[in-house]
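Model, not experiment: these values are computed from the prediction.
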Amino acid sequence: MLLGANGHSAVILEGKPIAKQIKLEVGDEIRRMKSGIGKFPRLAVVLACDQVGIEAVVAQLPEKCDESELLDVVSSFNDDPDVHGIVSCVVDVDSNALFILTYLTQHLDEEKIINVVSPEKDVDGFHPLNTGNLAIRGRKPFFIPCAPKGCIELLLRHGVEIKGKRAVIIGRSKIVGLPTSLLLQHVTCIHKEPEQITSEADTVVADVGIPNIVRGNWLKKGAVVIDMGTNQVKDPSGPSFHVSGDVCFEEALKVASAITPVPGGVGPVTISMLLSNTLDSAKSAFGMV
């Protein structure tokens with residue numbers, strides 16, 4: 001808990017301890033899986049590291065590879081029964097961030113590649129079947145996108161009440177803003193001129209990609225603020241950069257009842273959700289659900 005300049009206190013919704021606990025839980029399940037049936041999850045990625053007992057199957061292709069070559073690799077992972085998850089991302093554990101689809105160069109069709117991934121191995125949750133099922137009441141996707149799922153998990157594990165609360169999501173990206181809106185109740189999803197609407201919201205989720213755009217005077221007193229922005233900002237005093245969120249943290253701290261920091265908020269939990277999704281895929285493949 002931090003105090004603002006006016007003495008107001010806000011709970012800091014730290015993601016690192018939540019992410020650590022989720023990794024421990026995933027690791028414990030995988031150890032039981034190994035001892036029980038002698039099998040474990042495998043995650044096919046562009047770049048990765050071995051974590052919590054999930055084996056990484058790495059496919060590194062030349063930057064100028066043909067699209068057909070990449071599609072063949074994805075198809076081979078689809079057909080491999082020992083691979084339980086496929087992601088088109090770079091996982092950087094040390095930076096607490098998950099860089100989605102930034103590894104695909106401009107000559108590659110991002111949508112085409114996502115569509116080729118088997119929905120049952122789409123642990124990113126980006127395949128149209130998964131996003132579509134998330135949007136339709138009564139249907140269940142194989143996987144929920146990691147960042148939105150991490151957002152909800154962070155709130156629940158910190159004991160933040162979301163049922164019956166009015167939520168406003170600033171931004172409508174298909175990776176964060178849109179799926180997050182589908183997971184929350186009483187949601188308004190906005191992209192332009194949000195100040196008036198955010199001032200009436202119990203929960204504000206920012207996914208804009210503009211540093212510090214959400215100011216303290218946009219917020220209702222006691223609001224819960226989830227900052228999902230990750231922006232590289234040049235330091236005015238030199239050539240270095242720092243990571244900034246979409247919310248002006250110092251101003252929001254004086255008004256909010258709880259707020260996520262950047263970095264160290266939703267980012268670490270997002271990575272843990274990728275591991276959790278992969279575990280769920282393996283459990284399904286092994287008939288353990």
**Message:** Check R215 with E195, please: is the shortest side-chain N to carboxylate O separation under 4.0 Å?
**Reply:** no

**Asked** Is the distance between the ring centroids of H84 and F286 less than 6.0 Å?
**Response** yes

**Asked** Where do A256 and A10 come nearest, in terms of heavy atoms and distance?
**Response** O-CB, 3.3 Å

**Request:** Check V269 against G265 and note the closest heavy-atom contact, atom names and distance.
**Result:** CG2-O, 3.8 Å

**Message:** Determine whether a donor-acceptor pair (N or O, by modelled atom type, separation under 3.5 Å) exists between the side chain of T278 and the backbone of G85.
**Reply:** no

**Prompt:** Under 4.5 Å between side-chain heavy atoms, hopping through other hydrophobics if needed: is there a path connecting L156 to V11?
**Reply:** yes

**Item:** Inter-residue atom distance R42.CZ - D80.CG, 0.5 Å rounding
**Value:** 8.0 Å

**Complete:** For P261 and F249 the tightest heavy-atom approach is CA-CE1, 4.1 Å

**Message:** Please determine whether the number of non-hydrogen atoms from other residues, nucleotides or ligands lying under 6.0 Å from atom NZ of K234 exceeds 12.
**Reply:** yes

**Asked** Under the 3.5 angstrom rule, does the side chain of S281 hit a backbone N or O of N277 as a donor-acceptor pair?
**Response** no

**Asked** Is the backbone of D280 close enough, under 3.5 Å, to the side chain of S284 for a donor and an acceptor to pair up by distance?
**Response** no

**Message:** Using modelled atom types and a 3.5 Å cut-off, is there a donor and acceptor pairing between side-chain atoms of K121 and backbone atoms of V83?
**Reply:** yes

**Message:** Is it the case that the side chain of D122 and the backbone of V117 share a donor-acceptor pair, with hydrogens and angles ignored and the cut-off at 3.5 Å?
**Reply:** no

**Between S244 and N231: side-chain donor-acceptor atoms closer than 3.5 Å** = no

**Flag side-chain contact, heavy atom, 4.5 Å: L43 against E55** = no

**Request:** Look only at the side chain of S76 and the backbone of V73, and say whether a donor-acceptor pair between them is shorter than 3.5 Å.
**Result:** yes

**Request:** Taking the side chain as every heavy atom from C-beta outward, state whether I259 and D227 have any atom pair closer than 4.5 Å.
**Result:** no

**Prompt:** Do the charged groups of K112 and E67 touch, with an N to O distance under 4.0 Å?
**Reply:** yes

**Prompt:** Would you say I175 and F126 make side-chain contact, with heavy atoms under 4.5 Å?
**Reply:** yes

**L219/V204 under side chain to side chain contact (heavy atoms under 4.5 Å, CB included): CA gap, chis, key distance, verdict** = CA-CA 8 Å; L219 304 172; V204 175; 4.0 Å; yes

**Message:** Applying side chain to side chain contact (heavy atoms under 4.5 Å, CB included) to V266 and I226, what does each step give before you reach the verdict?
**Reply:** CA-CA 8 Å; V266 179; I226 306 298; 3.7 Å; yes

**Prompt:** Atom NZ in K221, atom OG in S199: separation rounded to 0.5 Å?
**Reply:** 14.5 Å

**Request:** Identify the heavy atoms of P211 and V233 that sit nearest to each other, and give their distance.
**Result:** CG-CG2, 3.7 Å

**Message:** With heavy-atom distances below 4.5 Å as the criterion, would you say the side chains of V255 and E251 are in contact?
**Reply:** no

**Approximate separation, where rounding is to 0.5 Å, of I30 CD1 and K283 NZ** = 10.0 Å

**Asked** Are L178 and L155 grouped together when hydrophobic residues (ILVMFWY) are joined by side-chain heavy atoms under 4.5 angstrom apart?
**Response** no

**Item:** CG on L70 to OG on S75, rounded to 0.5 Å
**Value:** 9.5 Å

**Fill in**
Looking only at heavy atoms, the pair that brings M228 and A147 closest together is CE-O, 3.4 Å

**Request:** Could you please spell out the steps behind the side chain to side chain contact (heavy atoms under 4.5 Å, CB included) verdict for I152 and L184?
**Result:** CA-CA 8 Å; I152 302 301; L184 291 168; 3.5 Å; yes

**Prompt:** Does T203 use its side chain to pair, donor to acceptor, with the backbone of A167 at less than 3.5 Å?
**Reply:** no

**Prompt:** Is any side-chain N of the basic residue among R157 and E153 closer than 4.0 Å to the acidic one's carboxylate O?
**Reply:** yes

**Asked** Do V262 and M273 share a hydrophobic cluster (ILVMFWY, side-chain heavy atoms under 4.5 Å, transitive)?
**Response** no

**Message:** If I take atom CD1 from residue I210 and atom CG from residue D207, how far apart are they, to the nearest 0.5 angstrom?
**Reply:** 11.0 Å

**Prompt:** So, the side chain of N130 versus the backbone of P119: is there a donor-acceptor pair under 3.5 Å, distance only?
**Reply:** yes

**Prompt:** Is it the case that H127 and N115 place a side-chain donor and acceptor less than 3.5 Å from each other?
**Reply:** no

**Request:** Answer yes or no: is there a side-chain heavy-atom contact under 4.5 Å between L134 and P179?
**Result:** yes

**Request:** Would you mind reporting whether F241 and D235 have side-chain heavy atoms less than 4.5 Å apart?
**Result:** no

**Asked** Got a second to check how far D124's CG is from I144's CD1, nearest 0.5 Å?
**Response** 13.5 Å

**Request:** Look only at the side chain of D202 and the backbone of A223, and say whether a donor-acceptor pair between them is shorter than 3.5 Å.
**Result:** no

**Request:** Using the rule that two of Ile, Leu, Val, Met, Phe, Trp, Tyr join whenever any of their side-chain heavy atoms come within less than 4.5 Å, decide whether L154 and V243 are in one cluster.
**Result:** no

**Check: V224 and S257 side chains under 4.5 Å, non-hydrogen atoms** = yes

**Request:** Test side chain to side chain contact (heavy atoms under 4.5 Å, CB included) on I22 and L275 and set out the steps.
**Result:** CA-CA 9 Å; I22 293 170; L275 304 177; over 6 Å; no

**Asked** Under a 4.5 Å side-chain heavy-atom rule over Ile, Leu, Val, Met, Phe, Trp and Tyr, are M288 and V26 clustered together?
**Response** yes

**Fill in**
Of D246, T198, I213, the one forming a side chain to side chain contact (heavy atoms under 4.5 Å, CB included) with I170 is T198

**Shortest non-hydrogen contact from V168 toward A201** = CG2-CB, 3.5 Å

**Item:** Side-chain heavy-atom pair V123, I86 within 4.5 angstrom cut-off
**Value:** no

